[in-house]
Asks: 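Got a structure here, written out as structure tokens. Questions coming.
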Amino acid sequence: MERTFLMIKPDAVQRGLVGDIIKRFETKGFTLVGLKLLSVSRELAEKHYDVHRERPFFQGLVEFIVSSPVVAMVWEGDGVIASARKIIGATNPLNAEPGTIRGDYGINVGRNLIHGSDGPETAASEIALWFKPEELSNWQLTNKAWIVE
Ligand code: DAT
Ligand code: MG
């Protein structure tokens, strides 16, 4: 079953948006299989954003992620990787459609509320980076037959 890694960033945690953000993925029909609030180490933040190491915004991005706790999550379901990216919206919240998380709550690319894996390979590596296998639960929604044919 397909899984993706999502991280509610410090701005969204500080602004009290954790519940609203989780609710969007729950009501869509995806299954939450891993969840934790944590203060991110510089080492983890730098590993997570390693592909952006040479970009001018890298240091500021790392400072932001370590500045206050985040909520790390793994969600499961057919098509969850691409669907979560749609629910999240465009990287720059000013370009994100209303109805998306970034479109509804943000106005600045450096405060864009949430991270979501961008493909199957990054999803697998980010899940492994952020969660131990025993921190993930394999379970089924009891109402799954009412969500998936
Ligand atoms: P996304 O988070 O939509 O996958 P990304 O992987 O291109 O976007 O960039 C990772 C994060 O880096 C992004 O969420 C916010 C920050 N970022 C990206 N482009 C930026 C820019 N031009 N200026 C400042 N921060 C930027
Ligand atoms: Mg990205």
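The structure presented is a predicted model; accordingly, all values stated were derived computationally and were not measured.
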Asks: Testing the basics here: between Ala12 and Ile21, what is the closest heavy-atom pair and its distance to 0.1 Å?
Replies: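 Residues Ala12 and Ile21, closest heavy atoms: CB-CD1, 3.8 Å.
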
Asks: If you define the side chain from C-beta out and look only at heavy atoms, does anything of Lys9 sit under 4.5 Å from Arg111?
Replies: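 Lys9 vs Arg111: side chains apart.
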
Asks: Just wondering, do Val13 and Val71 contact through their side chains at under 4.5 Å, heavy atoms?
Replies: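 With C-beta onward as the side chain, the pair touches.
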
Asks: With a 6.0 Å cut-off (strictly less than), is the heavy-atom count around CG of Leu94, excluding the residue itself, greater than 12?
Replies: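 Check passes, neighbour count above 12.
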
Asks: Determine whether Leu38 and Val18 fall in the same hydrophobic cluster, where Ile, Leu, Val, Met, Phe, Trp and Tyr are linked whenever their side-chain heavy atoms lie under 4.5 Å apart.
Replies: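 Per the 4.5 Å side-chain linkage, Leu38 and Val18 are not co-clustered.
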
Asks: A side-chain contact here means heavy atoms from C-beta on lying under 4.5 Å apart; do Leu141 and Ile147 qualify?
Replies: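 In short, these two side chains touch, coming nearer than 4.5 Å.
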
Asks: Quick one: does any side-chain atom of Arg102 pair with a main-chain N or O of Ala96 as donor and acceptor, under 3.5 Å?
Replies: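 Such a contact is absent between Arg102 side chain and Ala96 backbone.
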
Asks: If hydrophobic residues (ILVMFWY) are linked whenever their side-chain heavy atoms come closer than 4.5 Å, directly or via other members, who joins Val51 in its cluster?
Replies: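 Noted: Val51 shares its cluster with no other residue.
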
Asks: Within the structure provided, determine whether Asp50 and Arg53 are in side-chain contact (heavy-atom separation under 4.5 Å).
Replies: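 The answer is yes; the side chains approach within 4.5 Å.
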
Asks: Measuring only between side-chain heavy atoms, which start at C-beta, is Val109 closer than 4.5 Å to Thr91?
Replies: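 They are in contact (side-chain heavy atoms under 4.5 Å apart), so the answer is yes.
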
Asks: With clusters defined by side-chain heavy atoms of hydrophobic residues (ILVMFWY) lying less than 4.5 Å apart, directly or transitively, does Ile65 cluster with Leu44?
Replies: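 Yes: a chain of side-chain contacts under 4.5 Å links Leu44 to Ile65.
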
Asks: Which residues satisfy the salt bridge (Lys or Arg N to Asp or Glu O under 4.0 Å) test with Glu135, sequence neighbours excluded?
Replies: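 By the salt bridge (Lys or Arg N to Asp or Glu O under 4.0 Å) rule, Glu135 matches Lys36.
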
Asks: Which heavy-atom pair separates Ser117 from Ile81 by the least distance, and what is that distance?
Replies: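 It is O-CG2, 3.7 Å.
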
Asks: How many angstroms lie between OH in Tyr49 and CZ in Phe64, if you round to the nearest 0.5 Å?
Replies: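 Result: 8.0 Å between the selected atoms.
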
Asks: Measure the spacing between OG1 of Thr4 and CD1 of Ile127 and express it to the nearest 0.5 Å.
Replies: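 One gets 6.5 Å once the value is rounded to the nearest 0.5 Å.
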
Asks: Within the side chain of Arg3, is there an N or O that forms a donor-acceptor pair under 3.5 Å with the backbone of Gly77?
Replies: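 Flag not set: sc Arg3 to bb Gly77 has no pair under 3.5 Å.
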
Asks: Within a strict 4.5 Å, meaning less than it, do heavy atoms of the Met73 and Met7 side chains meet?
Replies: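 Not touching, per the 4.5 Å side-chain cut-off.
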
Asks: Are Met1 and Asp78 close enough, and set up right, to give a side-chain contact (heavy atoms from CB on, under 4.5 Å), and what steps lead you there?
Replies: CA-CA 7 Å; Met1 181 61 81; Asp78 283 332; 3.7 Å; yes

Asks: Take the angle between the ring planes of Phe5 and His115 and call it parallel below 30°, perpendicular above 60°, tilted in between.
Replies: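 If you compare the ring of Phe5 with that of His115, the planes turn out tilted.
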
Asks: So for atom CH2, which belongs to Trp139, do other residues, nucleotides or ligands contribute more than 12 heavy atoms lying within a distance under 6.0 Å?
Replies: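 Enclosed.
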
Asks: Report the residues that fulfil side-chain contact (heavy atoms from CB on, under 4.5 Å) with Ser83, sequence neighbours left out, ordered by chain and then residue number.
Replies: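 Result, side-chain contact (heavy atoms from CB on, under 4.5 Å) vs Ser83: Lys28, Phe30, Ile87.
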
Asks: Nearest 0.5 Å, please: how far is OG in Ser41 from NZ in Lys47?
Replies: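 The NZ atom of Lys47 sits 8.0 Å away from the OG atom of Ser41.
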
Asks: For salt bridge (charged side-chain N to carboxylate O under 4.0 Å, His left out), just list the numbers for Arg24 and Asp104, CA-CA rounded to whole Å, side-chain angles, deciding distance to a tenth of an Å, and then say yes or no.
Replies: CA-CA 12 Å; Arg24 292 173 184 233; Asp104 285 351; 3.0 Å; yes

Asks: What I'd like to find out is whether the side chain of Leu113 reaches to under 4.5 Å of the side chain of Ile8, using heavy atoms alone.
Replies: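 Sidechains of Ile8 and Leu113: no contact.
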
Asks: Following the transitive rule for hydrophobic clusters with a side-chain heavy-atom cut-off under 4.5 Å over Ile, Leu, Val, Met, Phe, Trp and Tyr, establish whether Leu129 and Leu61 coincide in one cluster.
Replies: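 Yes; Leu61 is reachable from Leu129 via cluster members.
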
Asks: Could you walk me through whether Asn92 and Asn95 pass the side-chain contact (heavy atoms from CB on, under 4.5 Å) test, one step at a time?
Replies: CA-CA 5 Å; Asn92 185 335; Asn95 300 329; 3.6 Å; yes

Asks: Mind listing the closest non-hydrogen atom pair of Leu32 and Gly34 along with its distance?
Replies: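 Taking every non-hydrogen atom into account, CD1-O, 3.3 Å.
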
Asks: With rounding to the nearest 0.5 Å, note down the distance linking OG in Ser137 to CD in Glu76.
Replies: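 Answer for the OG-CD pair, Ser137 versus Glu76, is 10.5 Å.
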
Asks: Is a side-chain donor-acceptor pair under 3.5 Å present for Asp20 with Tyr105?
Replies: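 Judged by distance alone, the side chains do pair up.
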
Asks: CD of Glu134: more than 12 outside heavy atoms within 6.0 angstrom?
Replies: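 Enclosed.
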
Asks: Just wondering, do Glu63 and Arg42 contact through their side chains at under 4.5 Å, heavy atoms?
Replies: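 Side chain of Arg42 against side chain of Glu63, heavy atoms only: contact under 4.5 Å found.
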
Asks: Name the orientation class of the two ring planes belonging to Trp75 and Phe25 (parallel below 30°, tilted from 30 to 60°, perpendicular beyond 60°).
Replies: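 Answer is tilted, since the angle falls between 30° and 60°.
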
Asks: Establish whether Leu37 and Ile114 are linked, either directly or via other cluster members, by ILVMFWY side-chain heavy-atom contacts under 4.5 Å.
Replies: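 As far as the 4.5 Å side-chain criterion goes, Ile114 and Leu37 are connected within one cluster.
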
Asks: Distance from Leu6 atom CG to Ile101 atom CD1, nearest 0.5 Å?
Replies: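 So the CG of Leu6 and the CD1 of Ile101 are separated by 8.0 Å.
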
Asks: Dump the intermediate steps for side-chain contact (heavy atoms from CB on, under 4.5 Å) on Trp130 and Val40, then the final yes or no.
Replies: CA-CA 10 Å; Trp130 287 81; Val40 181; 3.9 Å; yes

